[in-house]
Amino acid sequence: MSSTPVLASTREELAGLLASARAGGRPVGLVPTMGALHEGHASLIRAARARVGDRGGPVVVSIFVNPLQFGPNEDLDRYPRTLDADLQVCAREGADLVFAPSVEEVYPGGDPQVTVRPGPVGKILEGKIRPGHFRGVLTVVAKLLGLVRPDVAVFGEKDYQQLTLIRRMVLDLNLGVEVVGAETVREPDGLALSSRNRYLDPEQRQQAVALSRALRAAQESAGYGADVALASARAELRAAPGVDLDYLVITDPGLGALPAVVPPGTPARILIAARVGGTRLIDNLPLTLGTAPTSEASE
Ligand code: PAF
């Protein structure tokens, strides 16, 4: 069973629709998205529903393609806008409210003068390749948190650096919301679901699976240490045609450097970014490292 969620496109509509939940003390769940919803987003909506649903609270899905997080040479105009299909996904997954504002509604005075600076973690990995990206992400997430004032906000682990930075922003700025990270949803062959997968032609789609295969190889050999895990991942990538690697790194779970000596059972994260055809893909997995030395744990 599914019922169509209420659609709000202005801040006033949103505030009005959330007023009764607030007055009744019911918790509000938020799933921020840029639309083009797929099964990965559906799992985020389900996670939000699981957190607030049993206390009768509403789940809000925001759909907003945020210009502030796109660089001048990135795919803002090409980014898929599929509101009708998105509303169907929201209805199917039991979202109560969809907030789909215009750019003018979110940035009434044009680009904001005050923005959120992501700090050092915003400068590595994706932040190095996409300067300004995380400033745009954190600024819009801060605005959405301010507009919706949710008790719980759910983000995918697929964008692991984004999730890490949002957690940090919420902590550092005392934003008073519980941030939930939801596990990446994958195709049966392992490819992480992404709105960008639609740009892959059939051959590239086959090639793209090398990313998750490399991460799995690292995961399986992580007991021998970070060096072995990285070597296993690289071996998978060497055997894969059509994958142009941007980075492959193992970090601690907060994206910091691993300690020089890694005690057995140390949690870590492996992250990859690569281009397949013209499409840039990212993925990551958790690792549990063994005792082998960790020198040169990145490339
Ligand atoms: O992950 C996304 O879809 C976006 O970066 C987000 C968090 C909705 C901010 O625009």
Side-chain angles (χ1 to χ4, degrees), residues 8-9 14 29-45 47-48 59-71 74-83 85-86 89-90 93 95 97-107 111-112 115-118 121-122 125-127 129-148 150 152-170 173 175 177-185 192-199 271 273 279-284:
S9 52
L14 176 72
L30 172 65
V31 181
T33 80
M34 297 208 298
L37 302 185
H38 49 63
E39 189 47 36
H41 297 105
S43 78
L44 305 184
I45 301 173
V59 171
V60 181
V61 176
S62 64
I63 297 180
F64 178 63
V65 182
N66 173 33
L68 207 61
Q69 69 188 74
F70 286 79
E74 293 184 348
D75 48 5
L76 173 62
D77 293 335
R78 197 178 159 222
Y79 202 87
R81 283 142 171 105
T82 57
L83 186 61
D86 293 347
V89 175
C90 292
E93 301 303 337
L97 212 165
V98 172
F99 179 47
S102 65
V103 173
E104 293 69 35
E105 189 67 25
V106 176
Y107 299 113
D111 276 3
T115 58
V116 181
R117 199 164 59 92
V121 175
L125 306 174
E126 289 304 291
I129 289 163
R130 306 178 68 189
H133 172 65
F134 288 120
R135 181 182 74 98
V137 170
L138 294 189
T139 300
V140 83
V141 170
K143 283 175 81 86
L144 291 168
L145 294 177
L147 289 169
V148 177
V152 179
V154 185
F155 298 86
E157 285 188 347
K158 156 91 177 13
D159 294 298
Y160 190 76
Q161 190 174 7
Q162 167 175 287
L163 173 63
T164 305
L165 282 164
I166 290 168
R167 285 191 197 286
R168 186 73 204 209
M169 171 178 76
V170 166
L173 302 184
L175 297 184
V177 57
E178 183 192 354
V179 176
V180 172
E183 210 176 299
T184 303
V185 179
L193 295 197
S194 163
S195 309
R196 294 195 170 159
N197 292 354
R198 68 185 68 199
Y199 301 136
L271 302 101
T279 305
R280 191 155 183 285
L281 300 173
I282 59 173
D283 199 355
N284 68 88

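In listed order, ligands and their atoms are each counted from 1.
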task: Report yes if Gln162 has an N/O atom closer than 3.5 Å to an N/O atom of ligand 1; otherwise report no.
output: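 Between Gln162 and ligand 1 (N or O atoms, distance only) the closest approach is under 3.5 Å.
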message: I want to know if ligand 1 touches Asn66 in the polar sense, i.e. an N/O pair below 3.5 angstrom.
response: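 No - when backbone and side-chain N and O of Asn66 are compared with those of ligand 1, no distance drops under 3.5 Å.
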field: Any side-chain donor near an acceptor of the partner, Arg196 and Thr279, under 3.5 Å
entry: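 There is no such pair between these side chains.
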query: Between Ile166 and ligand 1, which residue portion shows a heavy-atom distance shorter than 4.0 Å: side chain, backbone, both, or neither?
result: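 It is neither part, as no heavy atom is under 4.0 Å.
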Leu37, Thr82, Thr33 screened by side-chain contact (heavy atoms from CB on, under 4.5 Å) with Val89, the one that passes: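 Among the candidates, only Leu37 passes.
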Find all atoms of ligand 1 within a distance of less than 4.0 Å from any non-hydrogen atom belonging to [X], and give their numbers and elements.
{"X": "Val140", "answer": "9 (C), 10 (O)"}
{"X": "Thr33", "answer": "8 (C)"}
{"X": "Pro32", "answer": "8 (C)"}

- prompt: Under 6.0 Å from the six-membered ring centre of Phe134 and within 45° of its axis: does the NZ or CZ of Arg117 meet both?
  reply: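 Checked: cation-pi criterion not met.
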- request: May I ask you to decide whether Arg280 forms a salt bridge with Glu126, counting only side-chain N to carboxylate O separations under 4.0 Å?
  value: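 Yes, charged N to carboxylate O under 4.0 Å.
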message: Under 6.0 Å between ring centres: does that hold for Tyr79 and Phe70?
response: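 Ring centres of Phe70 and Tyr79 closer than 6.0 Å.
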query: Which residue supplies the protein heavy atom nearest to atom 10 (O) of ligand 1, what is that atom called, and how far is it?
result: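 Result: Gln69 OE1, 2.6 Å.
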query: Looking only at atom types and distance, does a side-chain atom of Ser9 sit under 3.5 Å from a main-chain N or O of Ala100, one as donor and one as acceptor?
result: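 Side chain of Ser9 to backbone of Ala100, a donor-acceptor pair under 3.5 Å: no, none is there.
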